[in-house]
Colleague: 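Could you have a look at this structure, given as structure tokens, before my questions?
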Number of protein chains: 2
Amino acid sequence: MATRARRPERREEPLSRERIVGAAIELLDTAGERGLTFRALAERLATGPGALYWHIAGKGELLDAATDAVVVGALTAGPADAAPREATRALALGVFDAVEAHPWVGAQFARAPWRSPMLRVFERLGRQVRAIGVPEAAQFTAVSALLNYILGVAGQNAANARAHQERRPDTGRAQFLGAVSASWAELDPDAYAFTRNVAEQLRDHDDREEFLAGIDFILTGIAVRHGPSETAPS
Amino acid sequence: MATRARRPERREEPLSRERIVGAAIELLDTAGERGLTFRALAERLATGPGALYWHIAGKGELLDAATDAVVVGALTAGPADAAPREATRALALGVFDAVEAHPWVGAQFARAPWRSPMLRVFERLGRQVRAIGVPEAAQFTAVSALLNYILGVAGQNAANARAHQERRPDTGRAQFLGAVSASWAELDPDAYAFTRNVAEQLRDHDDREEFLAGIDFILTGIAVRHGPSETAPS
DNA sequence: GACATCCCTGGAACGCCGTTCCAGTCTGGT
DNA sequence: ACCAGACTGGAACGGCGTTCCAGGGATGTC
């Protein structure tokens with residue numbers, strides 16, 4: 001009688017939204033964005049494609065849920081007692097690192113605007129901008145600038161990852177940048193004088209440092225325009 | 001004899017790479033990114049899908065060529081005798097306006113990194129940054145910051161355009177933003193205090209002004225860090 | 001114990017996509 | 001008159017997201 005005290009379930013583990021999203025993340029990380037298909041996902045979960053639709057509405061919702069899981073993880077860190085500017089840098093770096101670990105997240109940001117993952121980042125950036133002292137009427141503008149920059153970098157990271165993962169799995173980031181840098185050096189000297197000139201800087205740059213430098217440019221611009229007094233504290 | 005002096009061609013107009021790219025741009029503008037298929041394109045050109053492949057390698061090259069055509073058009077303008085900072089703003093605005101007229105361009109930027117269209121923008125930005133007086137070693141960083149911000153805005157514009165064109169063709173940008181703004185106002189007051197607070201600013205903001213404000217933040221940041229003398233050189 | 005019910009499964013099938021294949025046509029050169 | 005090669009366009013292939021639906025397993029009711 002009663003229920004047979006937690007039978008070993010119908011299979012090892014029943015299908016669930018969490019399990020599906022988890023498998024989707026693994027698939028995205030290992031096989032890239034093109035590797036996530038309902039058929040591959042079903043095979044990995046030892047079921048058929050149709051079963052997945054009982055738990056997830058469609059591919060859009062699946063990508064959304066996967067992105068949200070990654071973003072939530074990236075935003076949990078943070079000491080929170082740092083100075084606003086430092087906290088903003090840490091926050092941005094957290095998103096950057098998450099995108100570098102899961103490049104497909106960068107592409108997803110550009111696909112679904114104002115969904116839950118982006119809202120989380122927006123909110124966190126907003127609190128820092130408010131802490132910095134930006135007047136209320138200018139807060140949306142300041143946060144938008146930061147967010148759009150972060151999204152731009154994320155999107156490019158995703159694109160680069162695709163370029164040297166799906167096309168040539170054997171080449172790494174260094175070879176990829178080296179190849180692009182070499183092609184820049186052979187551009188027309190008149191039409192692409194500047195680009196030729198910075199070909200070496202492309203090859204040798206550090207993504208993280210460049211990203212942070214951009215964040216600092218924007219934060220400085222915000223401080224000059226809206227800061228309490230730039231150098232002297234109030 | 002001789003050749004019958006320019007016969008009226010085999011059809012009204014023979015297939016050509018230019019005609020295909022032109023038709024692709026029309027299709028992208030009117031039907032959105034999802035509307036561009038080789039079958040629809042072939043039908044519009046009164047031919048079969050196979051014929052297109054004689055002139056264009058595949059969909060990637062087609063999108064690249066279409067993007068390039070739009071970007072080239074956007075970069076031809078410009079007085080060139082303006083002050084560097086003003087010229088940079090005009091250049092960025094040119095790209096912004098092109099993306100607003102052809103939202104799919106923004107998505108394409110995030111899909112193919114370091115292809116011809118992006119290189120053109122990169123080169124033009126670089127020349128302005130050089131004219132501003134940024135030292136050579138920091139030019140790549142400065143241009144990257146500007147470019148990534150522009151790409152971020154472009155990608156979001158593309159995503160927003162998709163959201164209120166393919167999902168609800170009857171609603172315009174205002175209704176779309178209004179709906180998002182309304183949903184923000186109903187978020188959890190604790191978890192989304194900031195977002196709730198700027199819901200109105202989202203509804204009422206001007207995309208162009210916000211974009212320019214971001215460009216100005218970055219340009220100010222660059223000037224403070226690398227400007228000719230701002231406060232005092234090293 | 002028999003039975004109806006509902007949640008959940010998973011394989012088959014639909015329509016559309018990018019791409020390839022190829023028999024055929026048209027054109028200019030000899 | 002003939003040929004070689006540029007070019008066409010319809011058919012077909014494999015794969016995708018999604019839908020459909022016959023069924024299986026646990027549960028509640030008599």
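Here is the naming used below: chain letters follow the sequence lines, and residue numbers restart at 1 for every chain.
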Colleague: Expressed as a whole number of angstroms, how long is the span from R19(A):CZ to dC8(C):P?
Modeller: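 Rounded to the whole Å, the gap is 14 Å.
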Colleague: For the pair made of CH2 in W54(A) and C1' in dG25(D), what is the distance, rounded to whole Å?
Modeller: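 It is 15 Å, rounded to the nearest whole Å.
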Colleague: Do the rings of F211(A) and F96(A) sit parallel, tilted or perpendicular, given the 30° and 60° boundaries?
Modeller: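 Judged by the thresholds at 30° and 60°, the geometry between F211(A) and F96(A) is parallel.
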Colleague: How long is the line joining CD of E43(A) and P of dC16(D), in whole Å?
Modeller: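 Rounded to whole Å, this separation is 11 Å.
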Colleague: How many Å lie between NE2 on H55(A) and C1' on dT9(C), as a whole number?
Modeller: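 So the two atoms are 8 Å apart, to the nearest Å.
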Colleague: How close or far is atom P of dC17(C) from atom CG of L27(B), stated in whole angstroms?
Modeller: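 After rounding, the gap between these two atoms is 11 Å.
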Colleague: Atom CG of L52(B) and atom P of dC17(C): how far apart are they, to the nearest Å?
Modeller: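 For the pair L52(B) CG and dC17(C) P, the rounded distance is 14 Å.
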Colleague: Would you say R173(B) has more than 12 foreign heavy atoms packed within less than 6.0 Å of its CZ?
Modeller: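 Count over threshold, so yes.
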Colleague: Atom CG of L41(B) and atom P of dT8(D): how far apart are they, to the nearest Å?
Modeller: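 Distance, rounded to whole Å: 13 Å.
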Colleague: Name the one of D97(A), T67(A), D29(A) that satisfies side-chain hydrogen bond (donor to acceptor under 3.5 Å, both in side chains) with H102(A)?
Modeller: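 Exactly one option meets the side-chain hydrogen bond (donor to acceptor under 3.5 Å, both in side chains) with H102(A), and it is D29(A).
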Colleague: Measure OH/Y53(A) against C1'/dG10(C) and give the value in whole Å, please.
Modeller: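 Taking atom C1' of dG10(C) as the reference, OH of Y53(A) is at 14 Å.
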Colleague: Select one nucleotide: of dC7(C), dT8(D), dC16(D), the one nearest the side-chain heavy atoms of L15(B).
Modeller: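 Closest nucleotide among those given: dT8(D).
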Colleague: Do the side chains of T141(B) and E209(A) get nearer than 4.5 Å, heavy atoms only?
Modeller: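 Not in contact.
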Colleague: Looking at every strand, decide which applies to L62(A) at a 4.0 Å heavy-atom threshold: base, sugar-phosphate, or nothing.
Modeller: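 Touches nothing.
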Colleague: Can you confirm whether I150(B) sits close enough to V99(B) that some side-chain heavy atom of one is under 4.5 Å from a side-chain heavy atom of the other?
Modeller: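 A side-chain contact is absent here, since even the closest heavy-atom pair is not under 4.5 Å.
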Colleague: Below 3.5 Å between N/O atoms, which protein atoms pair up with nucleotides 11-15 of chain C? Just atom names and distances, please.
Modeller:
residue	atom	partner	partner atom	Å
dA13(C)	N6	R39(A)	NH2	3.4

Colleague: Quick one: closest heavy-atom pair of E33(A) and R111(A), and the distance?
Modeller: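 Looking at all heavy atoms of both residues, the closest pair is OE1-NH2, 3.5 Å.
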